[in-house]
Each structure stands twice: as structure tokens, then as C-alpha cells.
Amino acid sequence: MIRIGYACIHTALPTASRTFRLSGYSDARMLEVARANILALGEILRWNGDNGITLFRITSNLVPFGSHPVNSGSWKEVLQDDFRRLGAFVREGGMRVSMHPGQHTVLNARDEGYFASVLRDLDYHSAVLDLMGLDEGHVVVVHGGGGYGDKGESSARLVRRIRGLPPVLRRRLVLENDERVFTASDILSLCSQTGLPGILDVFHHEVLPSLEGQGAREVTLLFRNTWKGPRQKIHYSNQAPGKRTGSHSQSIDLRSFGEFLESVGDIELDIMLETKDKQASVLALRNAFPGLR
DNA sequence: GGAAGTCAAGTCTCG
DNA sequence: CGAGACTTGACTTCC
């Protein structure tokens, strides 16, 4: 069975990414916006449930400045009941959610001081899912980080950093190949060195190929081996025609997705779609390929 | 109300 | 060498 889902935003519902400028920060405002975002997220998840969609990525903007030093962290206490209710809804609906820290979460950052901020960011993302009472199948997805002109050294530093993480930050962590530095092959190696599961991003893998001679099915199966417990998860998107390489398209191309499905359709997979039109692509694909959940 | 400029953080590529 | 891309636009100012 293959499940598909979408990331962060429902294009027809209020956003769960409300924020404000750092210059206007107060704890009260942070709590107010976070509460509104949680409500909006609940509405999105409800809509998902009503429409049979059980896979979703939660925006990193849920709690404004959630990992910034200016934030007291009071949201973990004050909003714990809101998070718990949200998590109960996810569990009862058989849903799977994830988070994906942004470009600033560079696990192999050279600067130790900066790495401290990376740890805060991991703590924030993990805490959201922890407060929701969700198990480690609800993952936090990160890229390998920078290459710094020496991928061997950068990889070694990444492995050291991951091994040194407190278990509470490592338990949900999964690694994903990117389109510039860490190939699918690199990620497989990093996974075997760290024990973390790996997410194959099919589009990134097309932009920055590796494992030559192996087709989509073989590569997907290689990544499958990294998933010891939770269901395997991958990312799928298409190039936006006419835009620069790596830009996500408006919607999923039925033809290319169909070909991909042709090769992996019998594998147990959760596929996160990354498109501009969000939930619309999920509905369109489920319509075009009735076997999809 | 709408357009334009700005927003916590890093790294890399393209024009 | 600055803009754009990335998990994602959203907020603020100005007219």
C-alpha cells in the first residue's frame, strides 16, 4: 500500500505559519500566535481526515521563534494541552506527521557556537512532536548540511555530531539526500554509520544523481533497508518547467508519477509530495491512481 | 486595498 | 557578486 501526503500548507484554509517580526517579540505574542497556529493546524488535519489524507508535514513556523534564544520556551508548558489534543487526533486518525527543519539547521556546521543554535532548533522540532505524544515514526527530517569543499571531512563531522546527540533529539531524526552536496549514495553511507533511517528524495536524486546503473526501484529498496521500525518514507516532486533547476513545480506530473509508481507500486511506502498546489496534487493523484491512499 | 520591501540563522548555484 | 533556492510565504510599510 502506498500513502501520499503534502507539506505544511493547505492552500484554501487559514495558515498555520502565522508569525511576526523579531523586533516586536514578546512571550505573550508568541503564545497567542502559536495557539492560533495550533488551531489552524487542527483544522488542516481535520480536513485531511475528512478527505482520507493521513500523511502531512507540520510547518516549522508553528511556534514563532520556537528555537530562538529570545523565546522563553514557556509554550512547552502553557500549550501542552493543546499539543496533546492535536496529537490524540493524529493518533486516532491513524495519521503520520513529520517536520522538516529549514536550511539553517546545519548539523555539520564548522562553528561550534552556531552548532549550539542547531541543537536548539532540533530541540524545538522534537519537542513539538514529543508534546503531541507521538512515537518515533513521526520523524524530523534533515539534510546532511554543507560540503565546505571537503565532503569527506564534512561527512565525518556530521557522523560525529549525530553520534553525540542526546537520544531525545536523535530518536526521530532521519537524513535526506539534497540536490547539491549529499547524494543518495552519500546518505546511505551516513545512515549505515549512524543507524538513522534515510529518506530518498526522488527529485533531488534526479538533479544530483548517484548509484548509477540502479533504477528507481533498486534505489528505493536500498533506502528501505535503513528503516528498521517505522514505515519507509520518501519525497517526490517535479521540476518546475522553465524555472531554475531544483524549483518545485505547481503540481505533480501524472505521467512521470505514473511511471514511478509503475516501478515501486508494490512497496510499502509513505510518499510526501512537494508541490505548490499542496493538497490539490494529493487529490488529483488519488483520483488518477485509485490504489493510492 | 494592493504593491513593494523585509524578515533569525547557512550554504551553494545561477545569472 | 548579488539574487534565488531551499521545508514553507507572511508581515509591515507605504501609497
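The chains referred to below are lettered A, B, ... by the order of the sequence lines, with proteins before strands, and numbering in each begins at 1. These numbers were taken from a predicted model, which means no experiment stands behind them.
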| message | Nearest whole Å is fine: how far is B:dT11 C1' from A:D178 CG? | response | 10 Å
| message | Base, sugar-phosphate or nothing for A:R57? Non-hydrogen atoms, less than 4.0 Å. | response | sugar-phosphate
| field | Side-chain N or O of A:H68 closer than 4.0 Å to phosphate OP1/OP2 of B:dC7 | value | no
| note | Side-chain atoms of A:S17 come closest, of C:dA10, C:dT12, B:dG10, to C:dA10
| said: Check for me whether the distance between the ring centres of A:H143 and A:H100 falls short of 6.0 Å. | reply: yes
| field | Short side-chain donor-acceptor distance under 3.5 Å, A:S74 and A:D27 | value | yes
| field | Per A:V106 side chain, nearest of listed nucleotides B:dT11, C:dC11, C:dT7 | value | B:dT11
| said: Nearest to the A:K278 side chain among B:dT11, C:dT8, C:dT7, which nucleotide is it? | reply: C:dT8
| Hey, is the side chain of A:S67 pairing donor to acceptor with the base of B:dA8 inside 3.5 Å? | yes
| Can the ring centres of A:F65 and A:W75 be said to be less than 6.0 Å apart? | no
| said: Between the base of B:dG10 and the ring of A:H104 - centre-to-centre under 5.5 Å, planes within under 30° - is that a stack? | reply: no
| task | Sticking with atom P, work out how far C:dT12 lies from B:dA8, rounded to a whole angstrom. | result | 10 Å
| remark: Tightest non-hydrogen contact, residues A:K151 and A:T183, listed as NZ-CG2, 4.4 Å
| request: Can you tell me, in whole Å, how much space there is between the P of C:dG2 and that of B:dT6? | output: 15 Å
| task | Check the angle between the aromatic planes of A:Y6 and A:F56 and answer parallel, tilted or perpendicular using the 30° and 60° thresholds. | result | perpendicular
| message | For a quick check under 3.5 Å, do A:T11 and A:Q279 share a side-chain donor-acceptor pair by atom type? | response | yes
| note | Taking for A:F20 and for A:I9 the nucleotide of DNA chain C with the nearest heavy atom, the one nearer the 5' end belongs to A:I9
| request: Mind telling me whether A:H248 and A:H204 have parallel, tilted or perpendicular rings, with 30° and 60° as the class edges? | output: parallel
| field | From A:E32 atom CD to A:R18 atom CZ, the distance as rounded to the nearest 0.5 Å | value | 6.5 Å
| message | What is the separation between atom CG on A:D121 and atom C1' on B:dG10, rounded to the nearest whole Å? | response | 12 Å
| message | Side-chain N or O of A:Y148 versus OP1/OP2 of B:dT11: is the shortest distance under 4.0 Å? | response | yes
| task | Write down the distance separating the C1' atoms in C:dA3 and B:dG5, rounded off to the nearest Å. | result | 15 Å
| note | Looking only at B:dA8, B:dT11, B:dC12, the nucleotide nearest the A:V181 side chain is B:dC12
| Rounding to a whole Å, what distance do you find between A:L107:CG and C:dT7:P? | 15 Å
| query | Between atom CE in A:M99 and atom P in C:dC6, what is the gap in whole Å? | reply | 19 Å
| note | Per atom distances to the A:R21 side chain, the nearest of B:dA8, C:dT8, C:dT7 is B:dA8
| said: Would you say A:H235 places a side-chain N or O within less than 4.0 Å of OP1 or OP2 belonging to C:dT7? | reply: no
| query | Distance check: side-chain N/O of A:H143 vs OP1/OP2 of C:dT7, anything under 4.0 Å? | reply | yes
| field | Whole-Å P distance, C:dG9 and C:dG4 | value | 16 Å
| request: Name the residue closer to the 5' end of DNA chain B, choosing between A:R120 and A:A109 according to the nucleotide with the nearest heavy atom. | output: A:R120
| said: Work out how far the P atom of B:dC7 is from that of C:dT8, and round it to whole angstrom. | reply: 22 Å
| query | Would you call the rings of A:F260 and A:F257 parallel, tilted or perpendicular, where under 30° means parallel and over 60° means perpendicular? | reply | tilted
| Reckon A:G145 touches a base, only the sugar-phosphate, or nothing at all at heavy-atom distances under 4.0 Å? | nothing
| Taking the side chain of A:N61 as heavy atoms from C-beta outward, which of C:dT7, C:dT8, B:dA8 is closest to it? | C:dT8
| Given that A:S247 and A:K276 both sit by DNA chain C, which one's nearest nucleotide is further toward the 5' end? | A:S247
| field | d(NE2, A:H100; C1', C:dA5) in whole Å | value | 13 Å
| said: Would you call the rings of A:Y25 and A:F20 parallel, tilted or perpendicular, taking 30° and 60° as the class edges? | reply: tilted
| message | Need one value for A:G102: base, sugar-phosphate or nothing, where a base atom within 4.0 Å counts as base even if backbone is also close, heavy atoms only. | response | base
| query | Starting at CG of A:L62 and ending at P of C:dA10, how long is that distance when rounded to a whole Å? | reply | 13 Å
| remark: Base-pair string, DNA chain B, Watson-Crick plus G-U, cut-off 3.5 Å on both distances, | for inter-strand, is |||||||..||||||
| task | Could you check how far CD of A:Q103 sits from P of B:dG10, rounded to whole Å? | result | 10 Å
| request: Whole angstrom is fine here: how far is it from CG in A:D123 over to P in B:dA8? | output: 21 Å
| Using a cut-off of 4.0 Å on non-hydrogen atoms, how would the nucleic acid contact of A:H204 be classed: base, sugar-phosphate, or nothing? | sugar-phosphate
| task | Among C:dA10, C:dC6, C:dT12, find the nucleotide with the atom closest to the side chain of A:T15. | result | C:dA10
